[in-house]
Amino acid sequence: MSQRRKFIKQSLLGSALLLPGLSALNSQASPLKKSSGTKPLILSTWVHGLPANADAWAKLKQTGSILDAVEAGVRNTELDMENLSVGLQGLPDREGITTLDASIMCGDGSCGTVAFVRQVKHPISLARAVMEKTPHVMLVGEGARQFAIAQGFPMEEEKLSPNAQKEYDKWKVTSKYKPIINIENHDTIGMIGLDAAGKLAGSCTTSGLSYKMHGRVGDSPIIGAGLFVDDEVGAATATGLGESIIRICGSFLIVELMRQGRSPQEACEEAVRRLVAKNKNIKDIQAGFLAINKEGEVGAFAVHPGFNYAVATESGNVLVDAGSQFKP
Ligand code: SD4
């Protein structure tokens, strides 16, 4: 973890109040099982979720829109030069080209996604434009880029960030592809939020797996895999190896389990159990889920230890350890 992220984590942990029922990262308490509901509520994956939540919270206060909030929150991460898994500074594919995936969804079923898109700094805003300005749900590749140009999105120069270039040069020496869980490839941001009136929205944005095949698309822009939101029930988002998450339709599965009466925590644990059952070589696969229901209860769980997430409420913005199926 970078010094800056460590600083953000420590300073926010130090200053924030904890939610009732939630355990802080590194605290003695066991991982959360259930939390009493609270609204408004914004949740996002990993430590960079802390500054993203802060921006989302500020936007929610400013416009009152949970959709605006989840877009603004992850735009923060899309610009974070230290994050090598989100935005144009992310690690490239095998050919040295950075391609981005993103999705956004509201609890009324409206959604928009983009995949395999180049040169766009804020794919989440492009996904929102697909949702609001086209009759479609998903645009990919060159078509998504052409739509971005038509909508007035600036085209960025195709040049790797200095950090990404350094990592890519190192990778090219052996050109091996073997993701290391929790270190490489796992910094995607997924964000889900609930406003005071009970409306839900979510967003997810990533540069995907580093050194992926050119054209590979992960779970993040696939509605139902990386993100699903339904005002009648709740919302879920995912991070980790996209292929493993797509196989079980992870976020949709969690929302449907909650619809059938499971708590967000029980639903996340069942999704992980299903993912473990359906994927070979599970020791090499990390995946984690976040969920909220419409009452404002929270759940989170991962395959392996190390997955954490940020929770913002009126009481503060804190980092929480998710708990995992396999133990260290
Ligand atoms: C993907 N799920 O493209 C993304 C990667 C990820 O944290 O979540 N990284 O498969």
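Note that ligands are numbered from 1 as they come in the structure, with each ligand's atoms numbered from 1 the same way. Quick caveat: nothing in here was measured; it's all calculated off a predicted structure.
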What atoms of ligand 1 come closer than 4.0 angstrom to any heavy atom of [X]?
| X | answer |
| --- | --- |
| Asp187 | 7 (O), 9 (N) |
| Thr188 | 4 (C), 5 (C), 6 (C), 7 (O), 8 (O), 9 (N) |
| Thr239 | 6 (C), 7 (O), 8 (O), 9 (N) |
| Gly208 | 3 (O) |
| Asp219 | 1 (C), 2 (N), 4 (C), 10 (O) |

Under a 4.0 Å threshold between the charged nitrogen and the carboxylate oxygen, would [Y] count as salt-bridged to [X]?
| X | Y | result |
| --- | --- | --- |
| Arg247 | Glu243 | no |
| Arg273 | Glu269 | no |
| Arg118 | Glu158 | yes |
| Arg259 | Asp230 | yes |

Requested in this report: Say whether Ile223 and Ile248 are linked into one hydrophobic cluster, either directly or through other cluster members, by side-chain heavy-atom distances under 4.5 angstrom.
Outcome: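 Yes, Ile223 and Ile248 fall within the same hydrophobic cluster.
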Requested in this report: Ignoring angles and geometry beyond distance, decide whether Thr206 reaches within less than 3.5 Å of ligand 1 through its nitrogen or oxygen atoms.
Outcome: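 Between Thr206 and ligand 1 (N or O atoms, distance only) the closest approach is not under 3.5 Å.
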Query raised in the report: Mind checking whether Leu241 has an N or O less than 3.5 Å away from an N or O of ligand 1?
Result: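 Checking ligand 1 against Leu241, no N or O pair falls under 3.5 Å apart.
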Query raised in the report: Does the side chain of Asn163 come within less than 4.5 Å of Leu84's, by heavy atoms?
Result: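 With C-beta onward as the side chain, the pair touches.
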Query raised in the report: Shortest non-hydrogen contact from Leu275 to Asn279?
Result: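 Taking every non-hydrogen atom into account, O-ND2, 2.9 Å.
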Query raised in the report: Backbone, side chain, both or neither: what part of Thr45 comes under 4.0 angstrom of ligand 1, heavy atoms only?
Result: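 The answer is neither.
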Query raised in the report: Does Gly240 have a non-hydrogen atom less than 4.0 Å from ligand 1?
Result: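 The answer is yes: ligand 1 sits under 4.0 Å from a heavy atom of Gly240.
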**Report entry** Arg216 heavy atom under 4.0 Å from ligand 1
**Finding:**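 In this structure, Arg216 qualifies as a contact of ligand 1 - some heavy atom is under 4.0 Å.
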